[in-house]
Amino acid sequence: AATVDTNNMPMTGVVFQPFEEVKKADLAIPITSHASLARQRFADASEAVINEQINVEYNVSYVYHSMYAYFDRDNVAMKGLAKFFKESSEEERGHAEKFMEYQNQRGGRVKLHPIVSPISEFEHAEKGDALYAMELALSLEKLTNEKLLNVHKVASENNDPQLADFVESEFLGEQIEAIKKISDYITQLRMIGKGHGVWHFDQMLLN
Amino acid sequence: TTDALSGVVFEPFKEVKKELDLVPTSSHLSLARQKYSDECEAAINEQINVEYNVSYVYHAMYAYFDRDNIALKGLAKFFKESSLEEREHAEKLMEYQNKRGGRVKLQSIVMPLSEFEHVDKGDALYGMELALSLEKLVNEKLLNLHSVASKNNDVHLADFIESEFLTEQVEAIKLISEYVAQLRRVGKGHGTWHFNQMLLEG
């Protein structure tokens with residue numbers, strides 16, 4: 001019963017009249033069960049870009065799963081790299097899930113898009129498979145970072161500071177740390193060469 | 001010299017020479033692979049894709065039931081966990097593929113449904129019926145994998161599917177069938193809400 005207390009009207013210094021203001025159309029609660037009740041100032045563009053980001057994270061997770069399977073082969077046998085990519089795959093799926101949860105929090109609708117078939121061979125004559133795969137991982141992490149910055153940009157364009165903060169606090173810092181770590185790995189792999197060096201590096205990842 | 005001995009039934013160093021000649025020298029080939037047919041390898045890659053696809057559908061169902069205007073948190077939890085479980089099945093098959101010296105080939109995953117409303121049944125029952133048909137489909141595919149194993153005389157693969165998958169699949173089908181029956185019984189309003197609480201607390 002949001003009736004206006006008319007007694008308040010003649011009073012001076014009344015700056016906020018909650019029952020009057022709450023009647024505004026854009027605060028109306030939807031009747032249909034198909035519409036989100038919670039949704040507020042959440043732009044369609046933000047909703048769409050989050051669904052895109054879910055797909056990016058899921059695709060990267062799938063590539064890492066493929067890398068895990070490659071390094072786990074008996075004739076490749078780099079158990080440390082296999083472990084690293086297995087965990088990375090789970091982590092990326094976790095990121096996708098975090099965005100799914102967020103989408104629902106804001107009253108958007110999660111739309112899962114198709115996931116493409118990743119490559120399954122990571123041999124490279126000059127670089128060797130370990131370095132080649134790690135370089136690929138770095139470019140994927142940088143791509144993910146680009147996409148996250150794009151989500152942040154869409155948030156800013158649509159004056160959505162909560163979404164911008166969500167991307168900042170939950171993703172951007174972690175992404176930069178991942179890029180640094182994988183870059184370190186690449187430098188080390190380039191330093192040690194392909195034979196005993198790579199085996200030793202692999203042991204380091206394993207333990 | 002062993003030839004001169006009588007009663008020698010097993011000559012390891014003679015017999016192993018055949019196998020030794022068969023050890024691949026190319027680094028592109030599996031060393032471990034033994035009596036593992038191409039058909040089994042391909043069937044396992046297919047099954048990995050089946051499990052991954054089902055995992056993706058369950059993830060979409062999780063997102064649907066987690067919406068604020070649906071708010072069936074118990075169903076959301078159930079499908080979130082189911083999605084993870086199916087992904088683990090895929091991973092178990094990936095591990096097995098490598099164990100036998102096959103090559104994992106991850107194939108494309110299709111876009112799942114994202115709306116599970118149904119006028120007559122209601123979304124909870126409709127979602128659960130869909131889950132049941134998916135579990136039965138997975139079972140069909142597993143049985144097909146088993147028949148490929150049998151056809152190729154691959155007893156290890158047959159046993160792997162039996163012990164790691166078939167029982168669990170039958171149990172999942174039973175569980176989800178019970179859920180469907182219960183959802184049909186309780187109806188759409190308070191009943192579904194109560195069923196959902198049971199999933200949340202259980």
Side-chain angles (χ1 to χ4, degrees), chain A residues 29-40 50-51 54-55 58-59 61-77 79 82 86 89-90 93-94 96-97 99-121 123 128-129, chain B residues 23-34 44-45 48-49 52-53 55-71 73 76 80 83-84 87-88 90-91 93-115 117 122-123:
Chain A
I29 307 298
I31 312 286
T32 162
S33 68
H34 299 287
S36 163
L37 298 159
R39 189 169 185 141
Q40 186 175 24
I50 287 179
N51 281 334
I54 292 167
N55 189 252
Y58 235 118
N59 264 293
S61 166
Y62 209 36
V63 176
Y64 285 164
H65 221 173
S66 185
M67 286 180 171
Y68 148 70
Y70 174 84
F71 287 108
D72 185 48
R73 287 185 191 169
D74 71 84
N75 53 320
V76 178
K79 309 302 273 185
K86 184 176 168 173
S89 173
E90 268 161 39
R93 186 179 182 277
E97 201 168 81
F99 272 112
M100 289 165 75
E101 204 183 295
Y102 184 81
Q103 182 77 287
N104 278 334
Q105 218 157 41
R106 294 298 303 276
R109 288 186 182 195
V110 172
K111 185 92 200 96
L112 297 179
H113 294 292
I115 301 172
V116 295
S117 169
I119 54 171
S120 53
E121 303 296 331
E123 281 138 17
D129 44 13
Chain B
V23 173
T25 44
S26 160
S27 70
H28 298 287
L29 294 174
S30 163
L31 298 158
R33 189 168 185 140
Q34 187 177 24
I44 290 211
N45 278 336
I48 291 167
N49 189 251
Y52 235 118
N53 264 292
S55 167
Y56 208 36
V57 176
Y58 285 164
H59 223 171
M61 285 181 162
Y62 148 71
Y64 174 84
F65 288 109
D66 184 48
R67 287 185 193 168
D68 72 82
N69 54 320
I70 307 295
K73 309 300 272 185
K80 185 176 171 174
S83 173
L84 210 53
R87 185 179 183 277
E88 277 160 15
E91 200 168 84
L93 288 158
M94 288 165 74
E95 207 182 290
Y96 185 81
Q97 181 76 288
N98 277 334
K99 222 177 243 180
R100 294 298 303 275
R103 286 184 184 195
V104 173
K105 183 83 200 101
L106 297 179
Q107 273 132 13
S108 304
I109 300 174
V110 296
M111 180 163 138
L113 281 176
S114 54
E115 303 296 331
E117 281 139 18
D123 44 13

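The chains referred to below are lettered A, B, ... by the order of the sequence lines, with proteins before strands, and numbering in each begins at 1. On a predicted model such as this, the values are computed, not experimentally measured, just so you know.
Of the atoms belonging to Ser36(A), heavy atoms from both backbone and side chain fall under 4.5 Å from chain B. For Ser30(B), the parts lying under 4.5 angstrom from a heavy atom of chain A are both the backbone and the side chain. Of the two parts of Ser89(A), the backbone and the side chain both hold a non-hydrogen atom closer than 4.5 Å to a non-hydrogen atom of chain B. Residue Ala96(A) does not touch chain B at all, counting heavy-atom pairs closer than 4.5 Å. Contact of Leu84(B) with chain A is made through backbone and side chain together, with heavy-atom distances under 4.5 Å. In this structure, chain B has a heavy atom under 4.5 Å from the side chain of Tyr58(A), while its backbone stays farther away. Interface remark: Ser83(B) contributes backbone and side-chain atoms alike to the contact with chain A (heavy atom separation under 4.5 Å).
Counting heavy-atom pairs under 4.5 Å between each of Val104(B), Val57(B), Asp68(B) and chain A puts Asp68(B) at the top. Between chain B and the residues Lys111(A), Arg109(A), Glu101(A), the most heavy-atom pairs under 4.5 angstrom are made by Arg109(A). Heavy-atom pairs under 4.5 Å with chain B were tallied for Val76(A), Val110(A), Asp72(A); the largest tally goes to Asp72(A). Ranked by heavy-atom pairs under 4.5 Å with chain B, the list Lys86(A), Gln103(A), Arg39(A), Gln105(A) is led by Lys86(A).
The closest side-chain donor-acceptor pair between Gln97(B) and Asn45(B) falls under 3.5 angstrom. In this structure, a donor-acceptor pair under 3.5 Å is absent between the side chains of His28(B) and Glu121(A). Residues Asn55(A) and Asn51(A) have side chains that never bring a donor and an acceptor to within less than 3.5 angstrom of each other.
Looking at Asp74(A), its side chain does come within 3.5 Å of a backbone N or O of Leu31(B) through a donor-acceptor pair. The backbone N or O of Ile119(A) lies less than 3.5 Å from a partner atom in the side chain of Ser66(A), making a donor-acceptor pair.
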Does the pair Arg93(A) and His65(A) meet the rule for a side chain to side chain contact (heavy atoms under 4.5 Å, CB included), with working shown?
CA-CA 10 Å; Arg93(A) 186 179 182 277; His65(A) 221 173; over 6 Å; no
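Scanning for salt bridge (Lys or Arg N to Asp or Glu O under 4.0 Å) contacts around Glu90(A) gives an empty result, with sequence neighbours left out. Not counting sequence neighbours, Lys105(B) has no partner by the salt bridge (Lys or Arg N to Asp or Glu O under 4.0 Å) test.
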